*Asks:* 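Handing you a structure now.
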Amino acid sequence: MLEKRYDFNSREKHWQDYWRENEIYKFNPDAKDRYMIDTPPPTISGIIHLGHVFSYTQIDVIARHQRMLGKSVFFPFGYDDNGLPTERYVQREKKVKMAETTRGDFINLCLDTTKEMKEVYENVFSSAGHSADFSHAYSSISPRTQEISQRSFIELYKQGEIERRNSASLWCPECRTTIAQSEVDTMETESVMNYIYFTIKESGEKLKIATTRPELLSACVCVFVHPEDKERANLVGKTAISPLYNREVPIIANADVDMEKGTGAVMCCTFGDEADAKWQKEFNLPVLEAIGYNGRMTELANEFAGLKVREAREAIINKLKEEGLLYDQQPLTHLVATHERCGTEIELLIKPQWFIKLLNHKDEIYKAGEAVKWYPEHMQKRFLNWVEGLKWDWCISRQRFYGIPFPVWYCADCGELILADVEDLPVDPSVSTPKHPCPKCGGTHFEPERDVMDTWATSSLTPQICTDLITSKGLDDTYIPMDLRPNAHDNIRVWDFYTIAKSLLHFKKLPWSDVMISGWGLSATGSKLSKSKSSGGTPTPLETFKQYSADVTRYWASNASLGKDVYIKEEEFKNGFKLMQKIWNASRFVLSFLEGYVPKIPQTLLPMDEWILERYRVTYMKFMSYLSKYEMGLGLNELEQLFWTFCDDYIEIAKNRLYKPEIYGEEAKESAQYASSMVLEGILKLFSIYMPHITEEIYQSYYADIEGAKSIHISKYLDLGEPKDEQVLKQGDVVCDIVSQIRGYKSSNGLSLKEELSKVTLTGYADFVKNCAEDIKAVCNIQSLEFAEGEKGVSIEA
RNA sequence: GGGAGCUUAGCUCAGUUGGCCAGAGCAUCUGCCUUACAAGCAGAGGGUCACAGGUUCGAGUCCUGUAGCUCCCACCA
């Protein structure tokens, strides 16, 4: 017998302990039917908020759904503690300066911090009733992960997919590191178009050129004009002299030039933008470095050396003006590339960097993007769009301190590149040395590669890092492709993209078959919940669980269309709370009639009992269809509708028969017992993926014994098969409609619903309705119910 | 400039391949202490489905165009 009140605070904790102790969610790698999830690792960077609970709950609902379908679900966990956010967090919290410690010490500090944060995170997620396997969790900076990541590097290097080259790359002067295309953001900026004079050496004529970046004049290596430019094509082959610096540069024909832009003649500097980088390569132009790694002008800029880019721009403009070399200026707003982490304008600088070749694999990656099933479907376009626009190979070296090192040394004598042996991984080349002398010159002095790898070079291996938790095989494809990668839309072009790329390069396989793209859980005002800032009035997860329960919080999180953002709305929580109460009360009521009852198909099943079973079948099918598309919110809506029908229409009808078998007969009672126990069981199981605690509590009080299951979460959904009879469905609805009309009569006449009516005549209804006469009479409290032929109608006499 | 999504009741949204008077929840209004539930129950009102065309016997649903909002990408000469 269930208590009158459901004390969620103590009961939720109770079941969480129960699940843990009984290893309810344990994965069996040998199971025939597996479902494997490539869980995203939350970044260790500060406090955990409801946004986390939002997205991980959606993953948990899917994990539970697959488990209820009878699969063994691999739902691992991981922590992303490798990267700038963690670096910053650790420095701030531990009051350590990275530059004043060694890489090894700093990594250990990060691992310690992860350990502390793990407890905090794990507490929140398990309090939310998540069914991930927290006992098998990975860290993205752990020695094991480093081993896998370095192994991946070595293998791809040997395959020829990675190379080190001196090439223009995206550089953040603030963070003093290279960044990847996917880390670039754009910012609207006020700028000025400057029109300046070059001089044609041969004729002494002036050549007009427009530029927003005059500070790069010292790095100007040529001038381009369009070959079909009537005015200027004759200049091709001549020499231009740059203003201020008087550098002589060739004038070259280039069909890329847009005659409509600027003055129609373009100066090419190394490097003002990506076009410059492209042209430098294409025309094999020299590289002049006007900007240094610190974001300041180099000696090349003469008197402007040492100035920051912006300062230099201003100074040069003034000088040009003074010299009469600037003849016009026009303000403009344009978007500049910035580093997404710090907002600093990005420069293109040349430096030896490590690249994973992607441009020559664009086709394969594109096809993989088509082969993966994206939910919602239109998210695929975003991926394909990104691949189409890909312009850079993947630069994986970062001039940072903290990160996974490259397993590489260079011979101090001859410069030969030396890879670590795979069996020695992980290595930190700055603390260890190669085991053998240089194979080329026999030298024994080595320079370590000091760059570290981009975090995505490691995160892109999560399918391998995850499955390593069960295989211990490291870089291995036994369980690849996995079934699901869940993440939000901001990660399509980053994590999803890199994971697909790496999986293709290593195994020529898709990393997973499905990607589920969720939205964000946003604050009531629609702002993004931040990990580092306090969340501005938004309650913490633990506070929310305490006030509304974890089940209700989960209800909020899963009641969304896939891919859509959801706001934290008090209303939604209240709704969920009502639902939870209703589930409790309805179950308590139904179960009170089932003491000692063991469900078996009764000899006669009354029409309205058939009706509610049929309703269940229909809902079940719709539910499965939605969930197969990861549309858990829509599935939940269908389920709620069935549940309220069950409560308001069905139970109201059935309760008379359940209460008074002496009036309606034992058979009528058994029929109601059967239908109500089955449908309640089915409903509870469907709800269990959203609200695991309360459904477990109810299940354990009755169904667990009957089914001999340890937990509702490892039982199976109640599948009553395909819907059988549409007429039963329709006619049952007609009965509900009749009841509703009679209730409406009472309501509009100010009568209590229990008020007795002396006579009701139903005209023109089918036999099904006639067979429900007893139910209708009872639920509406009618003394005399009569049927007549003719136009359909309900007539009531008080 | 290229791509994607959205626009349905006061609010948040459903509406599968075109087909009975367009749905739900919340909010509003009215009634009801009815032996599970007053954080409840019953009932009611409320929509030119963004706009304009088109296809069709029939369009919220398909096609074309327009407008507004959101996101992604490109745009530094």
Side-chain angles (χ1 to χ4, degrees), chain A residues 2 4-5 181 184 186 189 191-195 208-213 216 223-225 254 256-269 272-276 279 332-337 345-346 376-386 388-391 489-490 492-493 519 526 559-561 563-567 569-572 574-575 577-593 622 625-626 629 631 633-634 637-638 640-641 644 647-648 651-652 655 659 739-755 779 781:
Chain A
L2 298 172
K4 175 129 174 103
R5 291 243 158 239
Q181 188 181 345
V184 175
T186 48
T189 313
S191 184
V192 177
M193 182 66 79
N194 302 283
Y195 294 86
K208 292 174 175 176
I209 289 199
T211 178
T212 56
R213 303 208 56 182
L216 287 173
V223 171
F224 289 117
V225 296
N254 183 347
D256 282 354
V257 173
D258 182 343
M259 289 182 274
E260 304 301 315
K261 266 190 190 174
T263 63
V266 190
M267 69 170 185
C268 173
C269 306
D273 65 8
E274 287 168 23
D276 288 341
W279 294 333
L332 81 154
T333 343
H334 63 190
L335 299 178
V336 296
E345 281 186 41
I346 287 178
E377 211 180 318
H378 64 86
M379 293 293 179
Q380 180 181 62
K381 271 274 176 190
R382 289 218 203 175
F383 180 89
L384 299 179
N385 217 303
W386 174 255
E388 274 171 358
L390 199 63
K391 287 193 300 201
H489 42 68
D490 55 334
I492 294 173
R493 67 172 219 241
N559 196 11
S561 271
K564 284 190 180 161
D565 299 341
V566 163
Y567 304 100
K569 277 228 169 102
E570 191 82 10
E571 257 177 24
E572 276 296 301
K574 285 188 173 156
N575 260 347
F577 199 83
K578 281 188 202 171
L579 174 65
M580 185 172 78
Q581 298 280 63
K582 192 78 177 176
I583 291 174
W584 184 256
N585 286 322
S587 301
R588 195 160 62 88
F589 186 60
V590 169
L591 294 188
S592 72
F593 295 107
K622 283 188 187 166
S625 156
Y626 276 132
K629 292 179 284 190
E631 287 287 4
L634 301 181
N637 285 344
E638 284 294 330
E640 278 188 82
Q641 248 167 59
W644 291 104
C647 290
D648 299 339
I651 294 183
E652 285 302 315
K655 76 177 176 190
Y659 263 127
V739 170
S740 175
Q741 286 188 49
I742 297 170
R743 283 170 174 170
Y745 172 85
K746 291 183 180 179
S747 190
S748 57
N749 286 289
L751 299 174
S752 160
L753 287 180
K754 69 173 179 183
E755 197 81 22
V779 77
N781 198 12

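None of the values given here were measured: they were computed from a predicted structure. Numbered from 1 within each chain, the chains take letters A, B, ... in sequence-line order.
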*Asks:* Is A:Asp276 reaching over with its side chain to a backbone N or O of A:Asp273, donor-acceptor style, under 3.5 angstrom?
*Replies:*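 Here the side-chain-to-backbone pair exists.
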*Asks:* With a non-hydrogen cut-off below 4.0 angstrom, is A:Cys647 in contact with a base, only sugar-phosphate, or nothing?
*Replies:*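 Result for A:Cys647 = base.
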*Asks:* Please tell me which of the listed nucleotides, B:G15, B:C41, B:A77, lies nearest to the side chain of A:Leu634?
*Replies:*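 For the A:Leu634 side chain, the nearest candidate turns out to be B:G15.
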*Asks:* Identify the heavy atoms of A:Ile209 and A:Thr263 that sit nearest to each other, and give their distance.
*Replies:*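 Looks like CA-OG1, 3.6 Å.
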*Asks:* So what does A:Lys582 touch, heavy atoms closer than 4.0 Å: a base, only the sugar-phosphate, or nothing?
*Replies:*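 Base: the residue A:Lys582, judged by heavy atoms under 4.0 Å, touches a nucleobase.
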*Asks:* Is there a side-chain contact between A:Ser625 and the phosphate of B:U16, meaning an N or O under 4.0 Å from OP1 or OP2?
*Replies:*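 False: A:Ser625 side-chain N/O out of range (4.0 Å or more) of B:U16 OP1/OP2.
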*Asks:* With distance as the sole test, does A:Trp584 use its side chain to make a donor-acceptor pair with the main-chain N or O of A:Lys4 at under 3.5 Å?
*Replies:*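 Checking the backbone N and O of A:Lys4 against the side chain of A:Trp584, a donor-acceptor pair under 3.5 Å is found.
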*Asks:* Using the P atom as the point on both nucleotides, what is the distance between B:G18 and B:A74, in whole Å?
*Replies:*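 Those two atoms are separated by 37 Å.
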*Asks:* Using the P atom as the point on both nucleotides, what is the distance between B:C63 and B:A4, in whole Å?
*Replies:*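 Their P atoms lie roughly 13 Å apart.
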*Asks:* Between A:Val184 and A:Ala337, what is the shortest heavy-atom contact and its length?
*Replies:*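 Result for this residue pair: CG1-CB, 3.7 Å.
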*Asks:* Using only side-chain N and O atoms of A:Lys564, determine if any of them is under 4.0 Å from OP1 or OP2 of B:A14.
*Replies:*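 Yes, within the criterion.
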*Asks:* Looking only at the side chain of A:Asn585 (C-beta and beyond, no hydrogens), which of the listed nucleotides B:A4, B:C37, B:A14 gets closest?
*Replies:*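 The nucleotide sitting nearest to the side chain is B:C37.
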*Asks:* Ignoring the backbone of A:Leu753, work out which of B:U34, B:A74, B:G43 is nearest its side chain.
*Replies:*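 Minimum distance to the A:Leu753 side chain belongs to B:U34.
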*Asks:* Grab the two heavy atoms, one from A:Gly264 and one from A:Val257, that are nearest each other, plus how far apart they are.
*Replies:*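 Closest approach of A:Gly264 to A:Val257: O-CG1, 3.4 Å.
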*Asks:* Nearest to the side chain of A:Ser752, which nucleotide is it out of B:U34, B:A77, B:G31?
*Replies:*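 When the side chain of A:Ser752 is considered, B:U34 is the closest of B:U34, B:A77, B:G31.
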*Asks:* May I ask you to evaluate whether A:Lys754 reaches the phosphate of B:C41, defined as a side-chain N or O under 4.0 Å from OP1 or OP2?
*Replies:*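 Indeed not, no polar side-chain atom of A:Lys754 lies that close.
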*Asks:* Roughly how far apart, to the nearest Å, are B:U34 and B:G43 at atom C1'?
*Replies:*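 Between the two C1' atoms, the distance is 15 Å.
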*Asks:* Could you tell me whether A:Lys208 contacts a base, only the sugar-phosphate backbone, or nothing, with contacts defined as non-hydrogen atoms closer than 4.0 Å?
*Replies:*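 The answer is nothing, as A:Lys208 stays clear of every strand by at least 4.0 Å.
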*Asks:* How does RNA chain B look in dot-bracket form if you count Watson-Crick and G-U pairs under 3.5 Å, write [ ] for pairs that cross, and put | where a base pairs with another strand?
*Replies:* (((((((..((((.....[...)))).(((((.......))))).....(((((..]....))))))))))))....
*Asks:* Check for a donor-acceptor pair, side chain of A:Ser587 on one end and backbone N or O of A:Ile583 on the other, with a separation under 3.5 Å.
*Replies:*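 Yes, A:Ser587 side chain to A:Ile583 backbone: donor-acceptor pair under 3.5 Å.
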*Asks:* At under 4.0 Å between heavy atoms, what does A:Glu571 touch on the DNA or RNA strands: base, sugar-phosphate, or nothing?
*Replies:*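 Answer is sugar-phosphate: A:Glu571 comes under 4.0 Å of backbone atoms only.
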*Asks:* Taking the side chain of A:Trp644 as heavy atoms from C-beta outward, which of B:C41, B:G40, B:G31 is closest to it?
*Replies:*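 Side chain of A:Trp644 sits closest to B:C41.
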*Asks:* Counting the atoms with a prime plus P, OP1 and OP2 as sugar-phosphate, which does A:Asp258 contact under 4.0 Å by heavy atoms, base, sugar-phosphate, or nothing?
*Replies:*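 Result for A:Asp258 = base.
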*Asks:* Using a heavy-atom cut-off of under 4.0 Å over every strand shown, decide if A:Ala586 touches base, sugar-phosphate, or nothing.
*Replies:*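 The residue A:Ala586 makes base contact.
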*Asks:* Using a 4.0 Å heavy-atom cut-off, does A:Ser191 contact any base of the nucleic acid, only the sugar-phosphate backbone, or nothing at all?
*Replies:*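 Nothing, no nucleic acid heavy atom in range.
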*Asks:* Could you tell me whether A:Asn575 contacts a base, only the sugar-phosphate backbone, or nothing, with contacts defined as non-hydrogen atoms closer than 4.0 Å?
*Replies:*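 Sugar-phosphate contact only - A:Asn575 comes under 4.0 Å of backbone atoms but never of a base.
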*Asks:* Search all heavy atoms of A:Met379 against all heavy atoms of A:Ile492 and return the closest pair with its distance.
*Replies:*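 Answer, listing the atom of A:Met379 first, then A:Ile492: SD-CD1, 3.9 Å.
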*Asks:* Quick check for you: to the nearest 0.5 Å, what is the distance between A:Arg382 atom CZ and A:Asp490 atom CG?
*Replies:*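 Output value for this atom pair is 9.0 Å.
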*Asks:* Could you measure between the two P atoms, the one in B:C6 and the one in B:A42, and give it in whole Å?
*Replies:*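 Comparing P positions in B:C6 and B:A42 gives a spacing of 35 Å.
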*Asks:* Rounding to an integer number of angstrom, what distance separates B:G58 and B:C20 when you compare their P atoms?
*Replies:*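 Looking at atom P only, B:G58 and B:C20 are 15 Å apart.
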*Asks:* Mind listing the closest non-hydrogen atom pair of A:Gly262 and A:Ala210 along with its distance?
*Replies:*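 Distance-wise, the nearest heavy atoms are CA-CB, 3.9 Å.
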*Asks:* What is the nucleic acid contact for A:Trp584, judged by heavy atoms within less than 4.0 Å: base, sugar-phosphate only, or nothing?
*Replies:*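 The answer is nothing, as A:Trp584 stays clear of every strand by at least 4.0 Å.
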*Asks:* Could you please name the option among B:G31, B:A77, B:G3 that lies closest to any side-chain atom of A:Ser747?
*Replies:*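 The listed nucleotide nearest to A:Ser747's side chain is B:G31.
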*Asks:* Distance between the C1' atoms of B:U7 and B:A44, in whole angstroms?
*Replies:*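 Between the two C1' atoms, the distance is 29 Å.
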*Asks:* With no hydrogens and no angle check, is any side-chain donor or acceptor of A:Asn749 less than 3.5 Å from a backbone partner on A:Leu751?
*Replies:*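 No, the answer is negative, given that no donor and acceptor are paired below the 3.5 Å cut-off.
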*Asks:* Can you name the ring-ring contact (aromatic ring centres under 6.0 Å, His included) partners of A:Tyr745, sequence neighbours left out?
*Replies:*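 For A:Tyr745, no residue satisfies ring-ring contact (aromatic ring centres under 6.0 Å, His included) once neighbours in sequence are set aside.
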*Asks:* Taking any heavy-atom pair under 4.0 Å as a contact, classify A:Ala337: base, sugar-phosphate, or nothing.
*Replies:*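 If one applies the 4.0 Å heavy-atom cut-off, A:Ala337 turns out to touch nothing in the nucleic acid.
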*Asks:* Base, sugar-phosphate or nothing for A:Thr211? Non-hydrogen atoms, less than 4.0 Å.
*Replies:*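 Sugar-phosphate, backbone atoms only, no base.
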*Asks:* Measuring from the side chain of A:Phe577 (C-beta onward, heavy atoms only), which nucleotide among B:A39, B:G43, B:A77 has the closest atom?
*Replies:*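 Selected nucleotide (nearest to the side chain): B:A39.
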*Asks:* Between B:G46 and B:U61, how far apart are the two P atoms, rounded to whole Å?
*Replies:*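 Those two atoms are separated by 24 Å.
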*Asks:* Please classify the nucleic acid contact of A:Lys574 as base, sugar-phosphate, or nothing, using heavy-atom distances under 4.0 Å.
*Replies:*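 Here A:Lys574 touches no strand at all.
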*Asks:* Taking A:Lys746 for the side chain and A:Leu753 for the main chain, is one N or O donor matched with an acceptor at less than 3.5 Å?
*Replies:*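 Yes, A:Lys746 side chain to A:Leu753 backbone: donor-acceptor pair under 3.5 Å.
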*Asks:* Over all strands shown, is A:Ser561 touching base, sugar-phosphate only, or nothing at heavy-atom distances under 4.0 angstrom?
*Replies:*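 Sugar-phosphate contact only.
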*Asks:* Using the P atoms only, state how far B:A14 lies from B:G5, rounded to an integer number of Å.
*Replies:*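 Per the computed distance, 14 Å lies between those P atoms.
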*Asks:* With a non-hydrogen cut-off below 4.0 angstrom, is A:Met193 in contact with a base, only sugar-phosphate, or nothing?
*Replies:*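 Sugar-phosphate contact only - A:Met193 comes under 4.0 Å of backbone atoms but never of a base.
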*Asks:* Ignoring the backbone of A:His378, work out which of B:C37, B:G43, B:A4 is nearest its side chain.
*Replies:*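 Taking heavy atoms from C-beta onward, the closest nucleotide is B:A4.
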*Asks:* Map A:Lys655 and A:Gln581 onto RNA chain B by nearest heavy atom, then report which one ends up closer to the 5' terminus.
*Replies:*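 Mapping each residue to its closest nucleotide by heavy atoms, the 5'-most match is A:Lys655.
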*Asks:* Enumerate the protein-to-nucleotides 69-71 of chain B contacts in which both atoms are nitrogen or oxygen and the separation is below 3.5 Å.
*Replies:*
residue : atom : partner  : partner atom : Å
B:C71   : O2'  : A:Arg382 : NH1          : 3.4
B:C71   : O2'  : A:Arg382 : NH2          : 3.3

*Asks:* For the side chain of A:Lys622, counting heavy atoms from C-beta on, which of B:A42, B:A77, B:U16 is nearest?
*Replies:*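 In terms of side-chain proximity for A:Lys622, the closest of B:A42, B:A77, B:U16 is B:U16.
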*Asks:* Between B:A77 and A:Phe224, is there a base-stacking contact, meaning the centre of the base's six-membered ring lies under 5.5 Å from the residue's ring centre while the planes stay under 30° apart?
*Replies:*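 Stacking between A:Phe224 and B:A77: absent.
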*Asks:* What's the separation between atom CG in A:Asn585 and atom CD in A:Gln581, rounded to the nearest 0.5 Å?
*Replies:*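 That separation rounds to 6.5 Å.
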